[in-house]
Amino acid sequence: AQSVTQLDSHVSVSEGTPVLLRCNYSSSYSPSLFWYVQHPNKGLQLLLKYTSAATLVKGINGFEAEFKKSETSFHLTKPSAHMSDAAEYFCVVPPGSGTASKLTFGTGTRLQVTL
Amino acid sequence: DGGITQSPKYLFRKEGQNVTLSCEQNLNHDAMYWYRQDPGQGLRLIYYSQIVNDFQKGDIAEGYSVSREKKESFPLTVTSAQKNPTAFYLCASSIGRGREDIQYFGAGTRLSVL
């Protein structure tokens, strides 16, 4: 079975400084992995996805993530935070097989951006 | 605009009452899903449907019911058997095939108990 662990429930950064949101995964095979973002009282939006092609994945709004098999990690980064990045971020792993997309969600990391 | 529409945005339930949350999609997706979101717990799957007239229980189906009579619609009923219904409910849809199947989400319904 697959699982993901988001190591920080809350991260606070100043505007203009780098963002690092950490995610470790557990899987018996090389998984696909996603990052979703949720702004307050909104639905989730896909930020980026890793699907066993390039290990460095670029997403929307300047975010990127690197798949590191040796560390079983898929951390989300952004060089310079913007106030509009304040949201909750979820690391997600899809099922290994089958047609139903029963996603496994991490517990989320709330990103706060201060002036 | 293509997308997923959830209504209402806010809903209040009285004790012993059943309430129904609406979810409509015009993306021509086969699969639809209902999630419950509580603070600090991520999203938990309530029910999902891969095709019209078929649906399966997710991880926390007790106290909920669904129907899938049309491809574009997947309403969720929160029954009186659900003793702790206060939460944010999210509906999603996807093509429903493959490991890289992406789910698209509605804006959610916030349910509170009076």
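A note on names: the letters A, B, ... follow the listed sequences, proteins ahead of strands, and every chain is numbered from 1.
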Where on A/L44 is there a heavy atom nearer than 4.5 Å to chain B: the side chain, the backbone, both, or neither?
both
Are A/V4 and A/F67 connected in the hydrophobic side-chain network, where two residues link if heavy atoms are under 4.5 Å apart?
yes
At a 4.5 Å cut-off on heavy atoms, which part of A/Q38 comes close to chain B: side chain, backbone, both, or neither?
side chain
Donor-acceptor pair, side chain of A/Y36 and main chain of B/Q103, under 3.5 angstrom
yes
Nearest heavy-atom approach of A/K42 to B/L90 is O-CD2, 4.3 Å
Select one option (side chain, backbone, both, neither) describing which atoms of B/Q37 are under 4.5 Å from chain A's heavy atoms.
side chain
For atom CZ of B/F105, is the number of surrounding heavy atoms from other residues, nucleotides or ligands below 6.0 Å larger than 12?
yes
Rounded to the nearest 0.5 angstrom, the CG-OH distance for A/L103 and B/Y35 is 4.5 Å
At a 4.5 Å cut-off on heavy atoms, which part of A/T51 comes close to chain B: side chain, backbone, both, or neither?
both
Mind checking the CG-OG1 spacing from B/L43 to A/T104? Nearest 0.5 Å is all I need.
11.5 Å
Examine whether an atom of B/R44 lies under 4.5 Å from a heavy atom of chain A, and if so say whether it belongs to the side chain, the backbone or both; otherwise answer neither.
neither
Please determine whether the number of non-hydrogen atoms from other residues, nucleotides or ligands lying under 6.0 Å from atom CG of A/L7 exceeds 12.
yes
Kindly check if the number of other-residue, nucleotide or ligand heavy atoms within 6.0 Å of CD1 (B/I95) is above 12?
no
If hydrophobic clusters are built by linking Ile, Leu, Val, Met, Phe, Trp and Tyr wherever their side-chain heavy atoms come under 4.5 Å apart, do A/I60 and A/F63 end up in the same one?
yes
hydrophobic_cluster_shared for B/Y33 and A/L46, side chain cutoff 4.5 Å:
yes
Please tell me if the side chains of B/I102 and A/F34 come closer than 4.5 Å, counting only heavy atoms from C-beta onward.
yes
In one Ile/Leu/Val/Met/Phe/Trp/Tyr side-chain cluster, 4.5 Å: A/V37, A/V11
yes
